[in-house]
Structure formats: structure tokens, C-alpha cells
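All ligand and atom numbering here is 1-based and tracks the order in the structure.
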Amino acid sequence: MNKLINVIGLGYVGLPTALLLSENYRVIGTDKDEQVVQRLRSGKHSFHEAELQVVYEQSLARGITFANEYQKADIYIVAVPTPFLVKSKKVDPKYLVDAMNEIKAVCPNDAIIVIESTIAPGTIDSYVRPLFVDKQVKLCHAPERVLPGNIIQELTNNSRTIGADEAAVSEEIKQMYQSFCKEDIICTDICTAEISKVIENTYRDINIAYANELKKICTNMGLDTYEVIRIANYHPRVNVLNPGPGVGGHCISVDPWFLVGEDSENTPLIQQARNINDSMPSYVWGKMKQAIEAGESGHGKKVVGLYGLTYKPNVDDIRESPALQLYKQLNPEEKSETYFFDPLVSTKVVENQLTDFNQFLDSIDVLLIFVPHDHIKQKYDEVVKKKIKIFDTNKTFEQAAQV
Ligand SMILES: NC(=O)c1ccc[n+]([C@@H]2O[C@H](COP(=O)([O-])OP(=O)(O)OC[C@H]3O[C@@H](n4cnc5c(N)ncnc54)[C@H](O)[C@@H]3O)[C@@H](O)[C@H]2O)c1
């Protein structure tokens, strides 16, 4: 009989992984959140993601089940949150440690525990191994690389890394992932797997910070940053990224801090990149205000509408999003005088958030686009017709003013 896998944490990473594994394994998904489990049991999944509905229905038909309780299983896959501690910048291991203690209470000897959550280098040695001194389990780290919005495709087509203590464990877990992953799977030790994942996202963060710094320089010089970057990228070994209103999400804006938390002395570049990216939401807001004060959108007081509360286009994930970073920095007057709208966020996350797009447009004089969802691309002409002044933070719209 196929081995039984208990996937712990049924969010953006855990749920799609559980669904794909259920094609070849018996799978039970466990989440602490009762609502998440209730929804999954009642035939609904909890977030907006391409192809997820089809894969979910196929998986239900194959017999996947969902529970709040941890199960006795052969393999555990753990995809719980791993935030950072604001003061020390170290990984906050509380969800991981809770999950490990619960697994320990039910797992048989020799169970394999695969941690997919992103963790700082050394986390398994510091926080996980000591919990199992009196129980024989096999630990493994298989960090996840998926891009939200395209998770099913990425799970199938991204290469991945497995860190384990023993070759036999690496081999078994490699075979498990090969049941749905078509790309190369690299086996290494646990700490190398931990740090290699974190440096991938740090690399992205540093490169985005460079683009954002260029945006500040070019703006000061009255130059079009995007055109400058487009030309520089003709160099055969240069690939400057595009700037934007900041960096959000649960990965790129978080993982670099894990390196800072482990070695603050040797990470000035990483810290500076984080600070540059964190400065962008208020930078673009300030540029927009300057333009309004200079009369670019006509005379008199202007009501601003901020479009896009998620951290990137066409997903419903608002974690660490630049718009929410900005919201925290606005003064009470600015907050009360600004309207917010996101077509993919129906729950209320800020004051003055409107859920009807027409009402939103009717309430504002100026539109500041933080996230270029497909929705606003389709509605752009409607906004122009209403003579609303548009400020764009991503150069998605050629005709809009850039900030
Ligand atoms: N979202 C991504 O795109 C992405 C990509 C790569 C890596 N990761 C990493 O994967 C991990 C999970 O991220 P996510 O985006 O899936 O998070 P998520 O918040 O979407 O899901 C985590 C789930 O774990 C549940 N949970 C928390 N503590 C639990 C516990 N003790 N036992 C059982 N369930 C518990 C929560 O209720 C939640 O449903 C994080 O370490 C993240 O950095 C995420």
C-alpha cells in the first residue's frame, strides 16, 4: 500500500502540494485553523490561484481528506508560516516548533519529517533536532520556490532542493517529489538547503533594490528610469530589473532578514537593500503628493484613491504588501482622506476601503496604481473618461504620470 503523508499547514504552499501528492500517495491535510479545514471539507478552497480548482476537485475524487488533528503517518510535510522577529530579525520558529511538537506526539519511530517552510540557516539544528532527542525520526528540508499566481505550474516545473542527513532519506523524498515534479531535484545536506533557499530570495531583493535606487537617481535627474534600464539591458551581461512601489509578500521581503538575523555584521548590503525597498511605498506617495501640490492634477484639494492592496498583480495575498506598508506610515488625516480599492480583496483590511469599483471612481480625483491587476488594465479607459488623474508606480500605463 502507498505510504501515508500528512501535510501540515494548508496555505499557499501546503494545499497545492498535498493535492498534487494525492495522485500517487494517500494524503491527509492538517491545518490548525478550523475554518480552513471546514471550507476544504465542504468543497471550497481558501484562496485565488490558477488551476487550483481543477486539481482540488481531482484530488477530492481520489480521496484526499482534511483534518484539524495531526495523523499517524509515514511522512510529514510541514508548510507552516515562518515570519521574522522584528527586533532581532531572526526567524520566528514558533509555528514550526508547535508543528514539530504535535508531530512528535503522534508520529511512529522512523517517520520522515520534511520541512518545506523557508527557514534561516541552522534552524533545524537549533530548534528542531533538540525536540527529537528522545524520538527516532528522519529530518529533511525541501524548501519551496513557487511563485503565487502560478503555483501548480511552478510545483510541476521548478527544480528543487532536498537537504537530509542520510542519502537513503534524500532518495525516498526525491522519489516522492518526482511523483509530480518534472525538473531536476538536487540532494544536499540540511544547512546547505536552508541557506541556498534564503539566498535566492535575497538575490532578488538586492536586485530590486538596485532598480529602485536607480529610480530615485533618474527621477532626480528628470530621466525616464524605465528607458534608462531598457537601454542598459542591451548589454549582453546586464539584466537590471524594473523598479516599483516596494517589495511585499511572505518571501522576498522576509527571507533576507534571516541572513541579517544570523550575521548582522556581515550583511550591510542585504540590510541596505531591505531598507531601500522598504522606503519605496512612502517614496512614490511623496512623489505623487509633490505632483498634486504642483497642480499637475488641477487646482484645489484632491481626493486620492489607492488601487491595489495585494503585494503583486492578480493574486489575493496581502501579506507585507507595499500598499499596507504605506498605510501604516500615513498620518491620520491622510488615511481618512484616501480611498482604497482592490478587486481581489473583499475583506476589509483598511479604513475607507471600498468594494465597488464605480463607487471608488466616483469618490476620487486622483488614482494611484500600486498593483497593475488585469482588472485595472481592462478598466483603464473608463478611468480616463472620468477625467481622473492617474499616477502609475510600475509603468504599466504609458499615458499615466509615473511616480
Ligand atoms: N507563499 C509562497 O509563495 C511561498 C513560496 C515559497 C515558500 N514559502 C514558505 O512556505 C511556508 C508557508 O507559507 P504559505 O504562504 O503557505 O503560508 P500560509 O499562511 O498561506 O499557510 C500556512 C498555514 O499553516 C497553518 N498553520 C499555522 N501553524 C500551524 C500548526 N502549528 N499546525 C498546523 N497548521 C498550522 C495556518 O493556519 C495556515 O493555513 C512559509 O515558510 C513561507 O515562507 C511560501
Side-chain angles (χ1 to χ4, degrees), residues 6-20 28-41 44-50 52 66-71 73 76-84 90-107 113-121 123-124 127-128 131 141-155 158-161 181 193-194 196-202 204-205 247-259 310-312 314-321:
N6 190 195
V7 177
I8 311 298
L10 300 173
Y12 290 93
V13 167
L15 178 64
T17 305
L19 300 179
L20 291 180
I28 303 178
T30 292
D31 200 289
K32 273 305 203 200
D33 187 329
E34 284 180 14
Q35 278 184 0
V36 168
V37 172
Q38 259 172 27
R39 275 182 77 84
L40 289 167
R41 281 179 169 167
K44 295 184 202 118
H45 56 77
S46 0
F47 47 89
H48 176 80
E49 183 60 52
L52 192 64
F66 303 102
N68 286 121
E69 299 76 30
Y70 285 59
Q71 311 292 317
Y76 294 85
I77 297 191
V78 181
V80 295
T82 43
F84 68 94
K90 286 179 178 290
V91 64
D92 179 352
K94 69 176 177 217
Y95 301 100
L96 189 63
V97 167
D98 284 353
M100 291 301 137
N101 281 324
E102 297 229 34
I103 291 174
K104 187 179 173 187
V106 294
C107 75
I113 303 175
V114 183
I115 294 167
E116 281 205 4
S117 301
T118 307
I119 45 182
T123 300
I124 291 187
Y127 298 103
V128 179
L131 300 173
H141 181 43
E144 188 44 75
R145 286 180 170 145
V146 288
L147 179 74
N150 197 27
I151 290 182
I152 298 292
Q153 282 302 316
E154 294 243 332
L155 278 171
N158 285 355
S159 61
R160 51 190 317 145
T161 313
C181 170
E194 289 174 324
S196 60
K197 162 67 196 179
V198 175
I199 69 160
E200 292 164 12
N201 283 343
T202 305
R204 305 263 307 144
D205 200 44
V247 173
H250 192 43
C251 295
I252 298 181
S253 68
V254 172
D255 301 353
W257 288 127
F258 293 168
L259 291 172
T310 64
Y311 84 92
K312 59 176 250 177
N314 304 324
V315 299
D316 60 5
D317 191 343
I318 56 167
R319 289 177 293 181
E320 326 291 335
S321 80

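The contact shell of ligand 1, taken as protein residues with any non-hydrogen atom closer than 4.0 angstrom, comprises Ile8, Gly9, Leu10, Gly11, Tyr12, Val13, Asp31, Lys32, Asp33, Tyr70, Ala79, Val80, Pro81, Thr82, Tyr95, Asp98, Ala99, Ser117, Thr118, Glu144, Val146, Pro148, Lys197, His250, Cys251, Arg319.
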Next on the checklist: Between Glu144 and Lys197, is the salt bridge (charged side-chain N to carboxylate O under 4.0 Å, His left out) condition met? List the steps.
Outcome noted: CA-CA 8 Å; Glu144 188 44 75; Lys197 162 67 196 179; over 6 Å; no

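Of the possible donor and acceptor atoms, none in the side chain of Asn6 sits under 3.5 Å from a partner among the backbone N and O of Tyr76. Not one N or O on the side chain of Asp92 forms a donor-acceptor pair closer than 3.5 Å with the backbone of Pro83.
Within 6.0 Å of CZ on Arg39 lie more than 12 heavy atoms contributed by other residues, nucleotides or ligands. Heavy atoms of other residues, nucleotides or ligands lying less than 6.0 angstrom from CZ of Phe47 number more than 12.
To the nearest 0.5 Å, atoms CD (Gln38) and CG (Asp31) are separated by 12.0 Å.
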